[in-house]
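Note sheet for the following structure.
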Amino acid sequence: VVIAGTGGEIEDSGNLLFNGTDLSASSLIVSDLTSGRVVLAGGSGAVEDNANLKFNTTTSEFEVVGHTILDSISASGISTFSGLVNANGNITISNTQPVISLIDTDITPAFALRNVGGLFGIRDITSGQDRFTIGSTGTVNFLNNVNANSGLDVTGDLTVSNDATISGDLTVTGNVGIAGTLTYEDV
């Protein structure tokens, strides 16, 4: 492209090329653009920016202000959401040991839902202790006391490996077998 030089003379610029259809420049400075905003083609085809689309070159963060409709999101790093997250379909978490952390910012303890080596569990993150686990065979473990406030129904056999304390009446409708010593006190 032929341009007017600084002294008004005609000169050729190797950095500005026009092939009859496209104009190519090695650099472009547009005085009405704002630093940090994403550049796009406006309605009339003019180059412009928008305060709702920003990119931080220092942190590589892309910011969209307002409502955004996306067909899919693929994030390879950490994604932070400050509002509600609604999912109208399934949520799948794939990892070698997937964890969903539930952190209450007002009080401890914090809990996590985990799948570690096929053992599903609810873990007290604050103390580092599992509170409830289900093994791959279906065995359920409660690692502390279980309070069944509305009763506890057992339809299969019941095995108690330590002492059993019953503070109310005990009603037995079948036979009673005792393998150890029976101590009876008439109170």
Side-chain angles (χ1 to χ4, degrees), residues 1-136 138 140-141 143:
V1 173
V2 177
I3 59 173
T6 55
E9 69 280 0
I10 295 176
E11 61 182 50
D12 183 21
S13 171
N15 293 327
L16 190 59
L17 305 173
F18 182 68
N19 66 7
T21 304
D22 298 320
L23 180 64
S24 174
S26 62
S27 179
L28 177 66
I29 297 174
V30 180
S31 61
D32 66 345
L33 297 179
T34 304
S35 178
R37 292 183 182 175
V38 175
V39 176
L40 51 100
S44 64
V47 174
E48 62 181 45
D49 61 23
N50 188 302
N52 293 329
L53 296 173
K54 299 176 183 175
F55 184 76
N56 186 324
T57 57
T58 305
T59 61
S60 295
E61 294 174 336
F62 182 66
E63 178 183 346
V64 178
V65 179
H67 182 77
T68 305
I69 298 173
L70 302 170
D71 290 335
S72 63
I73 296 175
S74 179
S76 61
I78 296 172
S79 297
T80 303
F81 301 92
S82 60
L84 297 175
V85 177
N86 296 318
N88 294 326
N90 296 327
I91 297 174
T92 302
I93 300 173
S94 298
N95 198 348
T96 56
Q97 295 184 353
V99 174
I100 298 174
S101 298
L102 304 171
I103 311 297
D104 186 336
T105 57
D106 293 335
I107 192 167
T108 58
F111 288 95
L113 301 174
R114 311 180 334 152
N115 180 4
V116 179
L119 182 69
F120 171 78
I122 298 175
R123 185 172 183 82
D124 180 340
I125 300 170
T126 308
S127 69
Q129 300 292 315
D130 287 326
R131 299 297 182 203
F132 170 84
T133 61
I134 302 174
S136 59
V140 177
N141 290 305
L143 299 143

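Along the sequence shown, the residues carry numbers beginning at 1.
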Asn56 side-chain N/O to Thr58 backbone N/O, donor-acceptor pair under 3.5 Å: yes

Between CZ on residue Arg114 and CG on residue Leu119, distance to nearest 0.5 Å: 8.0 Å

Interatomic spacing from CG in Leu113 to CD1 in Ile122 - rounded to 0.5 Å: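 So the gap between those two atoms works out to 6.0 Å.
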
Where at least one partner belongs to residues 115-127, residue pairs that pass side chain to side chain donor-acceptor pair (under 3.5 Å), sequence neighbours excluded: Arg123-Asp130, Asp124-Ser127, Asp124-Arg131, Ser127-Arg131

I'd like a table of donor-acceptor pairs (distance under 3.5 Å, sequence neighbours excluded) in which one partner is a side-chain atom from residues 92-108, with atom names and distances.
from	atom 1	to	atom 2	distance (Å)
Asp104	OD1	Asp106	N	2.9

Sequence neighbours excluded - ring-ring contact (aromatic ring centres under 6.0 Å, His included) pairs with any residue from residues 76-133: Phe132-Phe142

Under 3.5 Å, side-chain donor or acceptor atoms of residues 29-54 against the rest of the protein: list the pairs with distances, not counting sequence neighbours.
from	atom 1	to	atom 2	distance (Å)
Arg37	NH1	Asp49	OD1	3.4
Asp49	OD2	Thr34	N	2.4
Asn50	OD1	Asn52	N	2.7

Salt bridge (charged side-chain N to carboxylate O under 4.0 Å, His left out) partners of residues 82-97, not counting sequence neighbours, each pair once: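 Qualifying pairs: none.
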
